[in-house]
Each structure stands twice: as C-alpha cells, then as structure tokens.
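Here the structure is laid out as structure tokens; the discussion comes afterwards.
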Amino acid sequence: MPYDLYGLSPKNVIIPGSLTELARLVDSAAKENAAIIPWGGGTMQHLGNAPRRYDVAIDLKQLNHIVEYSPDDLTITVEAGATISAIQTELARHGQYLPLDPPLPALATIGGTLATNSCGPLRLRYGTARDFTLGMTVVNAEGRITKSGGKVVKNVAGYEMAKLNIGAFGSLGVVAQATFKVLPRFKEEITLMASFGVVGNACKVVKAFWNLTTTPLAIELFDAKLAHMAGLDQKENNWVVAVRFGGSKTVVDAAAGKANLAAQDAKAATIEMISGEPLWLKITDMPAALREANASGTLLRIGLPPSRLGSAIEKIGERASAVGLDTYGLFAHAATATLYVSFDADEEKTVEEIKHWRWALARLDAHLVIEHAPRAVKEKISVWGEPGPEHFIAQRLKEKFDPQWILNPGRFVGGL
Amino acid sequence: MQILVERRYVRSAANLHPNHCSLHLDPPSVKSLDDAIAVEPNLLDYRTGHRRRQAELFSPHLHSMYNPPRMNKQRITRALAQIVGERFVITDPDELKLYSYDASNNVATPDYVVAPENTEQVSRIVKLARQYRLIIIPRGAGTGLCGGVTPVAGGIMLAFARMKKILEVDLENRTALVETGLVNLDLSTAIAKDGYFYAPDPGSQAASTIGGNVAANAGGPHCLAYGVTANHILGLQLVLDNGEIVWIGGKSPDAPGYDLVAAFIGSEGTMGIITQALVRLIPSPDAIRTLLAIFNSVDDASRSVGAIIASGAIPTALEMLDQVSLRAVEDAMHVGYPRDAGAVLLIEIDGAREGLDETQMTITDICSEFNVREIRTAQTPAERMQLWRGRKHALGALGKLAPTVYIQDGCVPRSQLPRVLAKIDEVSKKYDLVIANFFHAGDGNLHPNLLFDQREEGAYERVLHAGEEILRFCVEVGGTISGEHGVGIEKIDYIPWIFSEDDIAEMLKLRAAICPSGIFNPCKTIPQGASCAESYRARSVQAPQRNMWI
C-alpha cells in the first residue's frame, strides 16, 4: 500500500486542499489522539525509526502552490507540497534558482526537504535550507497555524522557529509553507573532473579545490563503483573528484585553470572539463541511486569534519578488507563533509560492522546515521546513534510542542 | 514598592525639565502601581519615554517574584565573592550605575554585577541565583541598541569581560572556538595573518563581543554576501537555568537532533548563558574593491540598489547615506563625500581578482541607468579605509546635529526602499524632525536616525510617534520591526504587529522548554503576557492614534 511504513498501514489517508483544511485535520487528530504522518514525495520516508503509532497519513500534494514570488526582491513563498523541480522551474523563468539540490527533485517536496534537512552538493557554497529560509508557517500539534520569520533577508524579530523545525522530521509541527531567498542564475558554469588511483591524493585535491580564490559551488568525491553507476567511464582509477564553479566567463575560466593545476599537482590520472546539468543531476541523485541499487542492503550517512574525510575512508576501506565486506559504493560531499557508504551483509554482520564504525569514527568527531537498512537491522541498532547528553532539551521541546505525541511519533532521535 | 518608586523619582529629577522638579522631589506615598499612575498620569522617565514600559518595569508582581529581602544582600554578595573573588563582585551603587546603560535609551540598575572567569563559575552563579530567586542578565560589551541588557527588575548582571580567550583555531576545518566575551574584531585581527577572518561585522565590532553578537544575531554591512551571525555559528557551550553545562552543535555537519544552536541565536539572553562559541572562519578574499557612487537623489540611489542585487553582481556590502548623513559626516570628518549629493552608495565587491573588473562594470552600468553623477574607486587601502570611516562613524557624526538620536531598524523588501524612504521624508516633515538615513541598502535594512533634543518639551513624544509611524509602514510594505538591532525592551510592544497570539504562544513554548524558571533576562524579546506583567494583555498594542499618548 502506498502509505505503508514498516508494515504499518494508516487507518485514513487524507489529502487537504488548503492550509486551513490541513489545520482542521491536525486539530481533529489532536482531539482524537490520532498519530499523523505527513507525506510529500515519500523520497525520505525510509529515514528514521519505525513510527510508534500511525493512524492518519496526510498527503500534502495539493498544497503545492507558489504563494508569492517577487523576482525583484529575490524571495519566494511556497507551500510544502510543491516539488523542488516545480519551484526551480518557476524560478528559472526569471533567471533565478533556489540553492537547494536534494536527491530526486522531481518527486521530493519542499516540505519533506525541510523536515529532513535534505541537501546536496550546493551545500558547500550556500549551506543548508536553514541558511536561506526567511520564514515558515507550521501547523502545530493543536492544529493552530503559526508563523515565524518573515519575507526579508534580515530579521531578528521572534525566535528562529523555522530553523528548529528544519530537520525536525515533523516532530514539532507540520511544515506548511516557507519563504526563501533565491539567487540569480550564473552566466557560466564549468565542472572539472579528476580521477586518482589513491584516495590520499583525491583528498589532497579536495583541500586544494576548497582553498582556491574562487569558492567552488560543490566538491564531490566518489569511488569507481559510483562513477560506473553514473555512467562515467573511469577504467581502473579508483577515485573521482568533481568540482564545480559558477560566475562570469572570466571567473569561471580562471577558476578552471587553477583547478587544473591543482589536480595535476595532486597527481591526477585523468582530468576532464564538463559543462552542463546532466552530470550534476546524476551526482545529486547518488544517495537515491545507491539505495535503489542496494535495496536489500544498508546505506550509512556519516557527518564529519572535512579534515577527517581521508582517514575515515581509509579506515572504512581497511576494515572492509579485513572482514571481507564488499562495499557497493562510497561517495562524499567532500568539503563539508558528508560521507555515504553502501554495503550488503547478513543481519548479524551488518549490526556488528555498524557498531564498529560508530566506535571507530567517534574518535574522528563523526556521527553515523543509518539512512536505509533492512527492518531487522533497524530494530537491533539505533538508527540515529545514541543521543548525546543534551538530549534532555530535545525531550523537553517535544513535551511542550507535542505533548500527545501525535506528530510522526517515534521516528526521530531518541525515539522522539 | 515605595522604595523603588522613590529611587526612580530621585534619579529622574536630575534629568527632568525644570518645570517638573517640584513634583518629583517630593515623592508621594504610593502603595501600588495604580496609586503611582493616579498621582502622575504621565509617569514618564525621560530616558525611556515609554509609559507602558514604566508600568512593566515596576510591576509589583514581577518584583515580588524576583526581589530578595534586603537582609540577604550581604549573604549573596559573600557567596558571589566566594565564586569569583571579591574583586569581581560589584555592589557599590555608583559603580553599578556604569552597568545600567547600553546603547539604547533604556536605563536601569542591576543589584549585582559579577565578572566570572570561566564556565564553571558561570554555572555556580546561576545555581546561586536560583537559590535566591534572582534574575540573571548576561552582558557582553553593552553596545546593544534595544535594551537587551537592561535589568528590568534588578538581579545579577553577568559581565563577560574576563572570558575572552581564543581557545582553538582550526584552519583546516575553518573553525575557531572562543569564549563569548571575546571582542568581534579581535577575533578577525588574530587570524588575519593566517589569511582568514570572521565575517559578521556589526557597526559595533570594535567593542561588541561574540556572545552579544550571537544573542542578537548581529548583522553588519558585509552580511549582504557573507550572511548574518546565524550563518557562522557551528556550536555553542551553554549554561542552562539549572546550572547545567551543555555543548550543542560541533564541527561535523548534520548532528542528529534538533537544531538547538539555532534556538539560541538571536534569543537575546532569554534562554541560556552562552559561554563558548564554535564559529566559522572565512578565507580572506583575494582582492577587494570599494566604490563610492554619487547620486543626485535618494530615489535614484535606492532604485539602483534593487537592480544591482537582481543582476547577480552581488556586492559584499552596499550601504547608503542620504544627504543629511553625508553632510554630517563630511562636516565632522572630511572623508570626501560631496555635500551637495542627494545620496551616496558605498559599494564593496570582493573575490577572485580576475572577476572584479566585470562585476565593477556591471554595477557601474546599472548606476548609470539610474542617473549616477559620478563613481569613485578607492585606489589604495588608505582610501578604502577613508570611505568606510564615513559610514562606520556616521552615527557619531550625527552628534554635531543634535544631542539625542533615536535609531530605528526596520527591514523591508528591497523593492520597497524608494517608497519607504519617501515615507520617512514625509514623516520628518509631518513631525518637524530631522531624520538621517544611513543603512544596509543591499539588505533593505533601514536605519532612520531621528534627531532631537530630549530636553525640549514634547520632543521625545514626537520622536516616538514618528518612529512608530515609520516602523508601521515598514511592516505594511512587507518588512519586519528589526533587521539586526534586536527586540529587547525597545520593540517588544511591536511584536504583535507581525506575530499573532498563536505565533507568540508557539515561541513561548520554546522558551518555556529551555528555560522553565524564566530567570534569564525576563520581559524581553517576546511578550510573555501574564507571567511577565499583567499590563501587557490589558494594553494591547496598536499604532498610536494621532494625539494619543500611549
């Protein structure tokens, strides 16, 4: 069934046609103590724990309008059910774009993207949604429509409720509308792709790219398996680094030249210049591609300081060889840094490996999140990792904002 | 109640218009707030000028919640001295007066000022405050413009003057860990030799602290391209209201959990004491170019602002000064602004040097479309400093025009700038006030400076009415009540202009969850309703009608 999660089916599926209707729905749910799970494109519903309860699925697909768009002010207000692609298409008509590039943009809704704080390669240059969301409307656990922020790029009135709800998995309120600051499109862009035999050199070039006088838009690192999945023929070279620049022709050409030198310095085996979107559409979708290619396996997401990326990859590689584990693919948003690892093993071994890596990577200040895994694995090991000592604050927030635990209960960190 | 009213009267007497002296030197006996208002219906502190604020400040309910009986004062002083050392506890009334000011017009004195040396001491002070039911007001440099550090009911002021170390600089990951008493500019200066800087540059940066910047979500001219403080904070060490020390955030992205760091940025000291911050560092730009675009009218200048931003040639700073301001600056400092210009734009672009020519050309072309008279480029770092001096010291230069200034901080969509500036001009004529505008035009963040002499009868009243009319218009055109200066006390009454009761209730849930006791900087930032002062609900805020004294 389309809205099933972890073998649970909702008793009702409702598709509200307006913000007011959504609010009324949540209000009724609150009165009946019914647990609700909001749905967008469903592209991220595999994240998190199984829900504790699941009574109503609220599909936000009809709340997909562009509420207000002011190209002169470079701000746009959209409803949560609008897909990323639809928003970008509208913005493109005025030569603008939203610097948010999560996987599967044609399916992913802005509401879900915000609730999960999904991002993509552009995070390096522009940050996450928290960095360019100007205001938000949230339907709270009592069914009241509440807003925060506004439409202007600088605003210190009120607390930052939008940022709190971004990445909160809908556990504090249902994201209904948001206002963003957008950017004018670049006149030109270029990508340099370099391949390496040794991951150490690949990481060296990542650092060099990051320190160029023109800030790159994105720096991505992936292994040969993923290169193959993306249709990039890399032969024997094990690691690929792609760096993207945007701006005027002068800036872009100069940056590409410097990047070329840096890649040569780092002993790149091959260097290619590529322009256009197709490569980046593939890179953006890599987490989704990995998950699909290894649907019965496990996908991990590791957040770590950029300086530790090289050691993390080496440690993972060593361990994988030592225990005879074959990884399906490995790729990273290299300079932020976020590392995705996909592998397949039986349940017991998977749990053992995750435990080991959590311990080993903790020394590198890294967090390991299980994005996708068989249900049996998720039941045996914490998806989010053990909550930190500050978790009691999160618990208090949940108790205040959703005392009945009707908003996506149990999916988030520490079972919130 | 009586003692406090007496003190306030005596303090006010020194600043009052001579005609009022006799009334106030002989304070009547008042047993309640109602008595006080009955005796003096226009109970007015010439410093704050807000009648309602007086009522809140003296809410007997609030005082009974927080004021300890006198005999505890010695005990508390001793206990504080045991934590930080006798030298670093201030209780002498004359010394306390130094801490009763910030850069706004709000004045009130704390009961104690304590300067801790480390987070551990802060934690012990918080626990002590809980024990004796005192409120706590954290204070950086006191440069705030909204009364964020004004103690509304005495309490302990935590001065961070001694906690200003840079604990770690990690250039590879572009982060720095600092104590929150560190002065903003000192951080950038310390890492400049390594080719990095800390981007948020509020006008106060030579004095304001990182902690204060975080609490206010400070902006500054360069936040146009680099973002505000919120975009540069990766982690915080906090002391919560039970004295517990927690760390939130870190160097790794996407730590599982809520974005608690965001909850504290801009919270104006109402949720927890921020003791350390992990901040983002930015590599110093390859090259910088500074331009001065001279226009014959404010309208031309403000229209070109929107066009520049929309073109994609986004400068790192785009500041405007109107004729009143640039004349004041030129007369005071001779930085080279032409006195007969209608307005000037100070534009800075930075980045890879090979791109700057093109960006400069785009901007120049746009300015020409809007009838720019002349564009000057700073040829040397010294010339650049000179142009910026004019902008950064503009507020001081206004001192030549009038003894008192009331600064506003409305932020509007850029496209509305011409309308709002026209409205400000209209308001200045209507209320017969000189208003100088110098501001972050690129962000639509206006700073109308209303100039007056507070000793002149009725002047402050006119200023408040004028200011509220301007702010009301900013909200009407889609803007907000504060772009960067903060809400504090100064604008708390205007929060209902932009947020409904439901919105406010939601925000108060956040505060209640993180600071259930409410001891950190109460009565600021978000109107707290009954728990703060009954007067809030009773006097629901509307824009003042003509001739109505609020």
Side-chain angles (χ1 to χ4, degrees), chain A residues 70-75 117 127 130-131 140 144-148 150-161 163-164 166-168 184 211 213-214 247-248 250-251 254-255 303-307 336-338 365-367 369 384-385 387-391 393-394 396-397 399-401 413, chain B residues 172-173 216-217 219 227-228 230-231 246-248 250-260 262-263 265-267 283 286 306 309-312 351-352 354-355 358 411-415 443-445 478-484 486-487 495 498-499 502-503 506-507 509-510 512-514 526:
Chain A
S70 172
D72 288 338
D73 291 314
L74 294 157
T75 57
N117 195 22
R130 292 184 186 127
D131 292 306
N140 73 6
R144 311 298 286 232
I145 301 173
T146 67
K147 66 180 185 310
S148 63
K151 291 193 298 191
V152 286
V153 299
K154 283 174 73 180
N155 194 343
V156 295
Y159 293 142
E160 299 270 21
M161 306 304 289
K163 292 188 178 126
L164 194 65
I166 293 174
N211 287 319
T213 52
T214 302
S248 66
T250 333
V251 163
L304 70 178
S307 64
T336 47
T338 308
D365 276 331
H367 341 278
V369 166
W384 298 106
E390 78 290 350
H391 185 65
I393 305 176
R396 279 201 217 151
L397 284 171
E399 274 152 35
K400 269 276 181 260
F401 284 89
V413 181
Chain B
E172 223 189 321
N173 288 307
N217 195 8
V228 294
N231 303 107
V246 293
W247 179 263
I248 51 179
K251 292 186 189 178
S252 305
D254 301 329
Y258 297 132
D259 185 6
L260 296 173
I265 301 179
S267 62
D286 187 33
I309 305 289
S311 75
E354 54 268 358
E358 201 167 328
C411 191
V412 300
R414 242 171 268 112
S415 61
D443 290 315
N445 192 184
T480 186
I481 59 175
S482 181
E484 59 179 7
V487 173
I495 290 279
I498 50 175
F499 294 126
D502 282 340
D503 301 337
E506 200 73 357
M507 293 181 197
K509 283 179 196 165
L510 177 61
I514 298 185
I526 312 279

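Chain letters run A, B, ... following the sequence lines, proteins first and then strands; every chain starts at 1.
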Chain B contact via A:A394 - side chain, backbone, both or neither, heavy atoms under 4.5 Å
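For A:A394, the contact with chain B is made by backbone and side chain together.
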Of the backbone (N, CA, C, O) and the side chain (C-beta and beyond), which part of A:V156 lies under 4.5 Å from a heavy atom of chain B, both, or neither?
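Both the backbone and the side chain of A:V156 come within 4.5 Å of chain B.
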Looking at [options], which one has more heavy-atom pairs under 4.5 Å with chain A than the rest?
options: B:G266, B:G478, B:G351, B:A263; value: B:G478
options: B:V412, B:D254, B:N231, B:V487; value: B:D254
options: B:P283, B:G257, B:P253; value: B:P253
options: B:I498, B:T480, B:V246; value: B:T480
options: B:A230, B:A310, B:S311, B:P413; value: B:P413
options: B:V228, B:L510, B:I495, B:N445; value: B:L510

Tell me, out of [options], who's got the most heavy-atom pairs with chain B below 4.5 Å.
options: A:V413, A:V152, A:N211; value: A:V152
options: A:G167, A:G150, A:G127, A:S248; value: A:S248
options: A:D131, A:T338, A:D72; value: A:D131
options: A:K163, A:K151, A:H367, A:E160; value: A:H367

Residue pair A:S307 / B:N173, side-chain donor-acceptor N/O under 3.5 Å:
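The answer is yes; a qualifying pair exists.
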Criterion side-chain contact (heavy atoms from CB on, under 4.5 Å) on B:L260 and A:L397, from CA distance to verdict
CA-CA 10 Å; B:L260 296 173; A:L397 284 171; 3.5 Å; yes
Of all the heavy-atom pairs spanning A:V369 and B:P256, show the shortest one and how long it is.
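The pair with the smallest heavy-atom distance is CG2-CG, 3.7 Å.
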Using only atom types and a distance under 3.5 Å, with no angle test, would you say the side chain of B:S252 pairs donor to acceptor with the backbone of A:D365?
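Yes.
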So that I can tick it off, tell me whether B:D502 and A:R144 are bridged by a salt bridge, with the cut-off set at under 4.0 angstrom between side-chain N and carboxylate O.
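Salt bridge: yes.
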Go through the structure and list residues passing side chain to side chain contact (heavy atoms under 4.5 Å, CB included) with B:K509, not counting sequence neighbours.
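Residues passing side chain to side chain contact (heavy atoms under 4.5 Å, CB included) with B:K509: A:N140, A:E142, A:K400, A:F401, B:E506.
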Rounded to the nearest 0.5 Å, what's the gap from NZ on A:K147 to CZ on B:F499? Could you check?
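With rounding to 0.5 Å, NZ (A:K147) is 6.5 Å from CZ (B:F499).
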Determine, stepwise, if the pair A:L74 / B:R414 fulfils side-chain contact (heavy atoms from CB on, under 4.5 Å).
CA-CA 9 Å; A:L74 294 157; B:R414 242 171 268 112; 4.1 Å; yes
Side-chain touch A:T214/B:E354, heavy atoms, less than 4.5 angstrom:
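Yes, at least one pair of side-chain atoms sits under 4.5 Å.
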State which residues pass side chain to side chain donor-acceptor pair (under 3.5 Å) with B:D259; sequence neighbours excluded, sorted by chain then number.
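With sequence neighbours excluded, B:D259 shows a side chain to side chain donor-acceptor pair (under 3.5 Å) to A:R130, given in chain and number order.
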What verdict does the side-chain contact (heavy atoms from CB on, under 4.5 Å) test give for A:V251 and B:E358, after you've listed the backbone C-alpha separation in whole Å, the side-chain angles of each residue and the deciding distance to 0.1 Å?
CA-CA 9 Å; A:V251 163; B:E358 201 167 328; over 6 Å; no
